[in-house]
Amino acid sequence: MQPLPPSWAERDATVVAPDLLNKVARLGGRLARITEVEAYTQDDPASHSFRGLTPRNAAMFGAPGHWYVYLIYGMYHCLNLVTGGVGDGQAVLIRAVIVDGVEPRRTSGPGRLCRELAVGRELDGANAELFDDGVPPPTSPLISSRVGITKAADWPRRWRLG
DNA sequence: CAACAGATTCTCT
DNA sequence: GAGAATCTGTTGT
């Protein structure tokens with residue numbers, strides 16, 4: 001289990017996103033293998049950072065390698081990894097993970113994985129613990145358009161294993 | 001200050 | 001495939 005250095009996230013979200021697949025994150029004392037991600041940059045109309053810095057998305061403009069957690073639809077949390085440089089407003093949304101001993105369906109879906117791993121706003125702005133366990137991805141990443149959003153949904157910025 | 005859309009999921013039909 | 005649950009930031013009056 002090799003810890004990823006802070007500089008690891010200091011690249012464009014569209015570069016970090018596919019690289020994040022099959023990496024391992026420590027969340028709530030548990031290890032989660034990332035299987036699906038989505039990239040968001042400031043020029044993306046669907047990104048929270050598109051209209052500039054607000055108290056809610058402040059973490060997204062903060063230091064890369066930290067978490068950005070927000071509440072969506074008043075009931076679900078979504079977990080993102082801040083990427084690029086300070087002030088860039090970039091992040092990678094974690095859409096699905098695999099946790100040892102947990103039904104995959106309980107951790108697939110951005111809202112579901114946060115509920116299962118007890119991810120809340122207290123993680124917003126916290127340092128992200130990421131590891132590379134050296135295990136090669138079972139398959140090459142598949143690129144596809146995004147779901148769940150209405151703006152620029154056809155941008156090919158979603159990557160998944162499988 | 002009121003209105004509204006939204007990076008979701010569940011529960012029906 | 002449609003509707004509800006539920007709240008925050010943004011925009012308009």
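Proteins get letters first, then strands, A, B, ... in listed order; numbering begins at 1 in each. Heavy atoms only: backbone and side chains are in, while hydrogens, waters and symmetry mates are out.
Picking from C:dA5, B:dT8, C:dC7 the nucleotide with the shortest atom distance to the side chain of A:L71 gives C:dC7. Taking only side-chain atoms of A:R121, from C-beta outward, the nucleotide of C:dT8, B:dC10, B:dT8 with the closest atom is C:dT8. Out of B:dC10, B:dT8, C:dA5, the shortest distance to the side chain of A:R115 is found at B:dC10. Among B:dT8, C:dT11, B:dT9, the nucleotide with an atom closest to any side-chain atom of A:R112 is B:dT9.
Ion pairing between a basic and an acidic side chain is recognised when a charged N comes within 4.0 Å of a carboxylate O; A:E36 and A:R160 show no such pairing. Using a cut-off of 4.0 Å between Lys/Arg side-chain N and Asp/Glu carboxylate O, A:R146 and A:D44 are scored as salt-bridged. Remark: A:D19 engages A:R11 in a salt bridge, criterion side-chain N to carboxylate O under 4.0 Å. The pair A:E38-A:R157 does not meet the salt-bridge criterion, since no charged nitrogen lies less than 4.0 angstrom from a carboxylate oxygen.
Atom-to-atom, CD of A:E38 to P of B:dG6 comes out at 15 Å; the value is rounded to the nearest Å. Put simply, NE2 on A:H48 is 17 Å from P on C:dC7, counting in whole angstrom units. At whole-Å resolution of the value, OH in A:Y40 and C1' in B:dG6 are 11 Å apart. Distance, A:Y73 OH to B:dC10 P: 14 Å, rounded to whole Å. Distance A:R56 CZ to C:dT10 P: 8 Å, rounded to the nearest Å. The CG atom of A:L79 sits 14 Å away from the P atom of B:dT8 (whole-angstrom rounding). Distance OH (A:Y68) to C1' (C:dG9): 10 Å, rounded to an integer number of Å. One atom, CZ of A:R51, and another, P of B:dA5, lie 13 Å apart when rounded to the nearest Å.
Cluster membership for A:V69 and A:V16, using ILVMFWY side-chain heavy atoms within less than 4.5 angstrom, is shared.
Taking a pair as Watson-Crick or G-U with both hydrogen-bonding distances under 3.5 Å, the stems of three or more pairs touching DNA chain B are B:1-6 with C:7-12, B:8-12 with C:1-5.
A:L31 places none of its side-chain heavy atoms less than 4.5 Å from the side chain of A:D100.
If you find the closest nucleotide of DNA chain B to A:K151 and to A:G111, the one lying nearer the 5' end belongs to A:K151.
No engagement by A:N57 is indicated, since no non-hydrogen atom pair under 4.0 Å with the nucleic acid exists.
For A:S145 (side chain) and A:D154 (main-chain N/O), no donor-acceptor pair under 3.5 Å exists by modelled atom type.
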